[in-house]
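One structure is given here, and the rest of the page talks about it.
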2 protein chains.
Amino acid sequence: MAEPPVRFGILGCANIARKVSRAITLAPNSTIVAIGSRSLEKATSFAEENGFPASAKVYGSYDAVLDDPDVDAVYIPLPTSLHLRWAVLAAQKKKHVLLDKPVALNVKELDVILEACESSGVQFMDATMWMHHPRTLEMKEFLSDPQRFGQLKSLHSIFSYVGGPDFLTNDIRIKPDLDALGALGDTGWYCIRAILWATDYQLPKIATALPDPEFNESGVILSCGASLRWEDGKIATFYCSFLTNLTMDIRLLGTNGNLRVHDFVIPFKENAAPFYVTSNSRYIELSLGCDPPPSEHVIATDLPQEALMVKEFASLVGGIKGLGSKPEKKWPNISRKTQVVIDAVKASIDKGFEPVEVVF
Amino acid sequence: MAEPPVRFGILGCANIARKVSRAITLAPNSTIVAIGSRSLEKATSFAEENGFPASAKVYGSYDAVLDDPDVDAVYIPLPTSLHLRWAVLAAQKKKHVLLDKPVALNVKELDVILEACESSGVQFMDATMWMHHPRTLEMKEFLSDPQRFGQLKSLHSIFSYVGGPDFLTNDIRIKPDLDALGALGDTGWYCIRAILWATDYQLPKIATALPDPEFNESGVILSCGASLRWEDGKIATFYCSFLTNLTMDIRLLGTNGNLRVHDFVIPFKENAAPFYVTSNSRYIELSLGCDPPPSEHVIATDLPQEALMVKEFASLVGGIKGLGSKPEKKWPNISRKTQVVIDAVKASIDKGFEPVEVVF
């Protein structure tokens, strides 16, 4: 039963790789075996500072990680514009791919990555951590309950944080040659994923950007929003930004209940995360108040959500390696749906906020 | 100093009049002296059931209330389509006007009402109760703080409740000849007022309805939404509905902080109402969590918000009667701004979700 742990290589020394390195160490079925950076010195410091095992190999290139036969899977936190090249190469070298979001600059690029993974038989997953928190499953159970929630009709999501002056000058997320989608690709990715998650990954029919996104002088989006409309009349709005204080909301309205969460992307606390629901509300006599008040549900977790993400990914990789399973198609499929909606919102912005059809 | 209490007459026996009758009794500076209904029997029952003073007069018409020289002010909870006639007549008879919302079917009608009030020198106020809760002032103080909140950039508001089958068949709020604005006039009124309140009553430049409102078979709106855009780039969205479980949210995003409230229209509890803020948030080391978590502020009140509304209105009326003050223009002014935005959203719906300029 004791499968050997999945052996991870990491491409690059991005800040987020520190958190994911810790997660690989925390997950029971994975281990770090290599890191590569264009600078051997940076990779060496990174391995030291992040408590890599003494056996972990340190390389002065990404290629060296991909050529290492001891590496089963790679985590790729490189700037989005480099995803196409390195994710495809990783797949070609038979490495399973845990790819940070936004996964690609557009769905055309993503399709090349997904085709490379499929033809190599490797698992693809995007690194959207909150999907793996046990709270996410608990919330879905509430949403699936016809008595407590009913039919979903209205969806709202916000993810925003203040980048600050250094971020707005230097971060890769505001550079047109590195992360051209800006806030839409970064915080908007989470909003759109939340909306798709809530609808059981039913794609909207039409995306219409809200007027007047904010851009930096290079034309990269710093804040924007959109409405999404489904054929059955459901309607969603989202807002994503680098310019307003940290806000991480999902708000869902059903015919019998509603749900909200205010830290869906990164829980305020690592080991316990709340959400709030109300069902079958009514005004009390004379409308002097409302019943019931929202109830809080706090979901505990032993492992943080990023370690649960690594665990899930490693479990799929282990199945493919050890048992000859096929890669799980759910994950590339929902990455692609998320990207398709991002592309439609971007197209709507480019067309002056015209409605744009969402085509899978 | 002991001003005599303002003497209220009530036009009609609407359900909401029960709550406002109680409020008139609770407020320290007002008293009920008359009620009129088209049915004397209904008015008599209403007075009995709602504990009116024995001295209160009961009339079989609205006119009789307006002709009663002992009536200083009227509360008008009639269907919206009757507001023009009865509010104008009340003003002409020198009665101060507390008018339920939506105040009119459109701004043209409202202007006739406001002109009648102005030329008669009577106070006009719409019966938007939450404006008078002490929580509203506390929230505004937070929003006005450049350190804790900063510049307002993004606004979201929702007010929705489930009408239920009887409501959706019989309530005045879904009848085209009584409340033609449907959910937009009823729950949408609160959303738009909340957004205007948050912006210090700065009017948006453009209103664009979200696609696919729901209508009943008579064409009355059962749910809809819109985006509002200001010249400085601020953007708001709102959603109002009779079809999804009770939700009463304001969500405001500033450059340094954010604020949310989940029972802004009618607090869950009558004597204490919370709101939630966060300021200057940051990710903790390795982005393993976020600090600070939202803080809850609970604002107590001895009098319920509807009694505070009556108290404020009666205080203005008392000033006009006793001290010769001029009517306070703030209240008609914000009613008109609210109506102007409603009209623009309605026009956008009628034009197939085209952007519509908001003109004061």
Side-chain angles (χ1 to χ4, degrees), chain A residues 15-16 18-19 22 149-150 153-154 156 158 160-162 206 208 210-212 214 223 225 227 229 233 235 237 239 241 243-249 251 253-258 260 262-263 266-270 276 278-283 286-294 304 353 355, chain B residues 15-16 18-19 22 149-150 153-154 156 158 160-162 206 208 210-212 214 223 225 227 229 233 235 237 239 241 243-249 251 253-258 260 262-263 266-270 276 278-283 286-294 304 353 355:
Chain A
N15 200 36
I16 188 69
R18 298 167 61 217
K19 183 174 185 173
R22 174 174 174 271
F149 186 74
K153 282 188 163 278
S154 171
H156 309 269
I158 303 173
S160 149
Y161 58 84
V162 171
I206 301 287
T208 312
L210 298 180
D212 289 4
E214 292 172 273
S223 79
S227 70
R229 178 167 70 81
I235 183 105
T237 56
Y239 179 76
S241 172
L243 303 173
T244 51
N245 190 59
L246 183 64
T247 306
M248 306 178 280
D249 284 4
R251 186 42 143 161
L253 276 64
T255 48
N256 294 334
N258 55 30
R260 60 187 164 80
H262 304 294
D263 59 352
I266 299 180
F268 288 107
K269 290 187 175 138
E270 199 172 31
Y276 304 86
T278 324
S279 296
N280 303 303
S281 303
R282 56 181 191 85
Y283 297 119
L286 286 188
S287 299
L288 300 180
C290 313
D291 255 345
F353 323 115
Chain B
N15 201 38
I16 188 71
R18 297 166 62 217
K19 184 175 185 174
R22 176 176 173 269
F149 186 73
K153 281 185 163 280
S154 171
H156 309 268
I158 303 175
S160 149
Y161 59 84
V162 172
I206 301 287
T208 312
L210 298 180
D212 288 4
E214 292 173 273
S223 79
S227 70
R229 178 165 71 81
I235 183 104
T237 57
Y239 179 75
S241 171
L243 303 173
T244 50
N245 190 61
L246 184 62
T247 307
M248 306 177 280
D249 284 4
R251 184 44 143 161
L253 276 64
T255 47
N256 293 335
N258 55 30
R260 60 186 164 80
H262 303 294
D263 59 353
I266 299 180
F268 287 108
K269 289 185 177 140
E270 199 173 31
Y276 304 87
T278 324
S279 296
N280 304 303
S281 304
R282 57 182 191 85
Y283 298 119
L286 285 187
S287 299
L288 300 180
C290 313
D291 255 346
F353 322 116

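Chain letters run A, B, ... following the sequence lines, proteins first, then strands; residues in each count from 1.
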Looking only at A:Ser281, A:Ser223, A:Gly150, A:Ser227, the option with the highest number of non-hydrogen pairs under 4.5 Å against chain B is A:Ser281
Need one label for A:Arg229: side chain, backbone, both or neither, based on atoms under 4.5 Å from any heavy atom in chain B. side chain
Sub-3.5 Å donor-acceptor pair from the side chain of B:Thr247 to the main-chain atoms of B:Asn245, do we have one? yes
What do you reckon, is NZ of B:Lys269 surrounded by more than 12 foreign heavy atoms closer than 6.0 Å? no
Measure A:Tyr283 against the heavy atoms of chain B and call it side chain, backbone, both or neither at under 4.5 Å. side chain
Contact class of A:Ser160 relative to chain B, heavy atoms under 4.5 angstrom: side chain
Is the backbone N or O of B:Thr244 less than 3.5 Å from a side-chain atom of A:Lys153, with the two atoms forming a donor-acceptor pair by type? no
Answer with side chain, backbone, both or neither: which region of A:Asn15 has an atom nearer than 4.5 Å to a non-hydrogen atom of chain B? neither
Against chain B, work out which of A:Met248, A:His156, A:Arg282, A:Arg251 has the most heavy-atom pairs shorter than 4.5 Å and name it. A:Arg251
Would you mind checking which part of A:Leu243 comes under 4.5 Å of any heavy atom in chain B, side chain (CB onward), backbone (N, CA, C, O), both or neither? both
Let me know if A:Ile16 has heavy atoms under 4.5 Å from chain B in its side chain, its backbone, both or neither. neither
Side chain, backbone, both or neither: which part of A:Pro355 has a non-hydrogen atom closer than 4.5 Å to chain B? neither
Between A:Glu214, A:Arg260, A:Glu270, which shows the greatest number of heavy-atom pairs under 4.5 Å with chain B? A:Arg260
Stepwise side chain to side chain contact (heavy atoms under 4.5 Å, CB included) check, A:Ser279 with A:Asn256: CA-CA 6 Å; A:Ser279 296; A:Asn256 294 334; 5.9 Å; no
